[in-house]
Amino acid sequence: MQDRKAWTRRHWLAWLSSLAGSSAWAQAQGGPSAASLPGNSLVFGMVPYLPVQQLVRLYEPIVGLFARKLHKPCRLGSATDFTQFIERARGGEFDLVGASPHVARILHREANFLPLVRATAPLEPLFIVPLASPIKQLKDLAGQSLLVADPFAVHVLIALRHLRDQGLVPGREVKLLIAGTQRNGVQRMLKGDAAAAVGSASTLALLPHDLSSRFRVLAAAPKGLTPMAYLAHPRLRSQVGALTQSLLAFPQTAEGLAMFKETQHEGLSPLTAAELAGADPLVVEYYKQRADN
C-alpha cells in the first residue's frame, strides 16, 4: 500500500481522474490501519483553527456529549498545525474528529473515517483591511502582503483560489505571511505588518470589539459547504448511527443551542460521502500549498 505521507497534488489529480464517473467514487477505501487507544478513554480531535484553550472551552459540550453517549471519559485533543493534525488522526490518536471539509475528506479517503454530521452554517472566507486603508478592491493587493492564519486552513485555501481567479497568484503577486491564528493575523494587520488579512466570518465574529471595530471587509470569497465536519474513526463503526442521531438532536438542547450560537455554526445536519467528495478541489489546493511551502 502506498505510503500516505507521500501523497501529493499529482496523486490526487490522478485519483480523481481514475474515479470520475465511477461508483467507487463515494466508496473509495484506503489508509493505514489505526492503533486502538486505551479502552476506557476517548479523544475528540479538533483542528487547530483557534488557540487550544479556546477550542477546549468552545467544544466542551460536544466532548461531554460523546462521553455520555459512549459511556467513557472523553477529552479534546488537537495539534500544532493542520499537517500534524492529519498525521495524528491517520495514526489513530483520535476516536472522533471535528475538521475542516478538506481535512475531513483526506481522513475519509485515506484513513476510512466515517462521516457523521456537519455544521449548517456556510463557510464564509473574507478579505479584511484596516478601516483607514486606501485599498478598495482585491486587485489593489498586487505587490502587497496578506496575513493568513495557516496556508492549509480551508477558509485560506478558498481565499487563495479566489485570488488566482482574480489574476493574483499567491506567493508571487501577493506575499503571504503566516500568523498562526486568525486573531494574530488581525492584530498584526492592524499593527501594519500587512495590507490585508484573511479570516472566516464565523471566527471573526468571535473577536473582541476592540479588534472587530477597527477593520472592514474588502471582499468575500466564494462560500464553502461548512466550517466544521464531524467524523468517527472506523473502530467506532458500530456507533455511527447512534452518534449521528445524538449529534443531530444536540442543537435543540439548551447546552447545544448555546454552543452553536457561540461558535457561529448555527446547527447540525447529516454529512454524506458525496458532500465530502465535493471538497476534492480543496484537497488538491491543500497539497499544492504543501508543495509550495
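These figures come from a predicted structure and were not determined experimentally. Heavy-atom basis, side chains included; hydrogens, waters and symmetry copies ignored.
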Quick check: do P208 and R183 have side-chain heavy atoms less than 4.5 Å from each other?
yes
Pick out which of Y287, Y286, F82 makes a ring pair (Phe, Tyr, Trp, His ring centres under 6.0 Å) with F152.
Y286
Mind checking the CD1-CG spacing from I158 to L123? Nearest 0.5 Å is all I need.
4.5 Å
With no hydrogens and no angle check, is any side-chain donor or acceptor of H265 less than 3.5 Å from a backbone partner on G267?
no
Least distance between heavy atoms, Y230 atom then L271 atom:
O-CD2, 4.0 Å
Kindly state each residue pair satisfying side chain to side chain donor-acceptor pair (under 3.5 Å) with at least one member in residues 194-211, sequence neighbours excluded.
Q182-S200, Q182-T203, S200-T203
For the residue pair R105 and H108, confirm or rule out a side-chain donor-acceptor distance under 3.5 Å.
yes
Could you list the residues that satisfy side chain to side chain contact (heavy atoms under 4.5 Å, CB included) with A104, not counting sequence neighbours?
A99, A229, L231, L276
What pair of heavy atoms forms the shortest contact from F66 to L42, and how long is it?
O-CD1, 4.1 Å
Backbone N/O of L243 and side chain of S246: donor-acceptor pair under 3.5 Å
no
Residues passing the side chain to side chain donor-acceptor pair (under 3.5 Å) test with R188, sequence neighbours excluded, are D193
Decide whether L268 and L76 are clustered together by the hydrophobic rule: side chain heavy atoms of Ile, Leu, Val, Met, Phe, Trp, Tyr closer than 4.5 Å, transitively.
yes
Give the table of side-chain donor-acceptor pairs shorter than 3.5 Å for residues 125-145, with sequence neighbours excluded, one pair per line with atom names and distance.
unit_1, atom_1, unit_2, atom_2, d
S133, OG, I135, N, 3.1
D140, OD2, K136, N, 3.0
D140, OD2, Q137, N, 3.1

For R75, is there an ion pair with E93 - N to carboxylate O distance below 4.0 angstrom?
no
Is it true that I86 and L157 fall in one hydrophobic cluster, defined by side-chain heavy atoms closer than 4.5 Å?
yes
Side-chain heavy-atom pair L163, V169 within 4.5 angstrom cut-off
no
Start with the C-alpha gap between R118 and S269, add the side-chain angles, then the distance that decides, and say whether side-chain contact (heavy atoms from CB on, under 4.5 Å) holds.
CA-CA 6 Å; R118 64 174 177 85; S269 63; 3.6 Å; yes
With a 4.5 Å heavy-atom cut-off, do F44 and L65 have their side chains touching?
no
Measuring from T80:OG1 to R88:CZ, what's the distance to the nearest 0.5 Å?
9.0 Å
Between CD of Q245 and CG of L116, what distance do you get to the nearest 0.5 Å?
11.0 Å
What verdict does the side-chain contact (heavy atoms from CB on, under 4.5 Å) test give for L204 and V186, after you've listed the backbone C-alpha separation in whole Å, the side-chain angles of each residue and the deciding distance to 0.1 Å?
CA-CA 9 Å; L204 292 175; V186 172; 3.9 Å; yes
Would you say the side chain of T226 lies within less than 4.5 Å of the side chain of P122, judging by non-hydrogen atoms?
no
Is it true that L211 and L177 fall in one hydrophobic cluster, defined by side-chain heavy atoms closer than 4.5 Å?
yes
State, with a plain yes or no, whether a side-chain heavy atom of F113 is found less than 4.5 Å away from one of I106.
no
So, taking the atom named CG in L206 and the one named CD in Q264, what distance separates them when rounded to the nearest 0.5 Å?
5.5 Å
Show me the donor-acceptor pairs, under 3.5 Å and distance only, between side chains in residues 47-64 and residues at least two apart or in other chains.
unit_1, atom_1, unit_2, atom_2, d
Y49, OH, Y59, OH, 2.7
R57, NH1, E262, OE2, 2.4
R57, NH2, E262, OE2, 3.3

To check you understand the geometry: which heavy-atom pair defines the closest contact between V198 and A159, and what is its length?
CG1-CB, 3.8 Å
Does the salt bridge (Lys or Arg N to Asp or Glu O under 4.0 Å) test come out yes or no for R68 and E255, once each step is laid out?
CA-CA 14 Å; R68 293 191 301 273; E255 186 180 31; 3.8 Å; yes
Does any pair with a residue in residues 149-173 pass side chain to side chain donor-acceptor pair (under 3.5 Å), and if so which ones, sequence neighbours excluded?
R164-E285
Between V156 and P151, the two heavy atoms sitting closest are CG1-CA, 3.9 Å
Distance col, row L114:CG vs Q239:CD, nearest 0.5 angstrom, shows 12.0 Å
Using a 3.5 Å distance criterion without hydrogens, assess whether the side chain of S100 forms a donor-acceptor pair with backbone atoms of V103.
no
One pair to check against side-chain contact (heavy atoms from CB on, under 4.5 Å): L282 and V154. What are the steps and the verdict?
CA-CA 7 Å; L282 292 178; V154 67; 3.4 Å; yes
Under a 3.5 Å distance rule, please check whether E275 uses its side chain to pair with a backbone N or O of T272 as donor and acceptor.
yes
About how many Å separate CG of L257 and CD of E266, when rounded to the nearest 0.5 Å?
12.0 Å
Any L70 side-chain heavy atom under 4.5 Å of D95 side chain
no
Taking the side chain as every heavy atom from C-beta outward, state whether L146 and K175 have any atom pair closer than 4.5 Å.
no
Hey, mind stepping through F85 and F94 against ring pair (Phe, Tyr, Trp, His ring centres under 6.0 Å) and telling me if it holds?
CA-CA 10 Å; F85 180 86; F94 305 136; 5.0 Å; yes
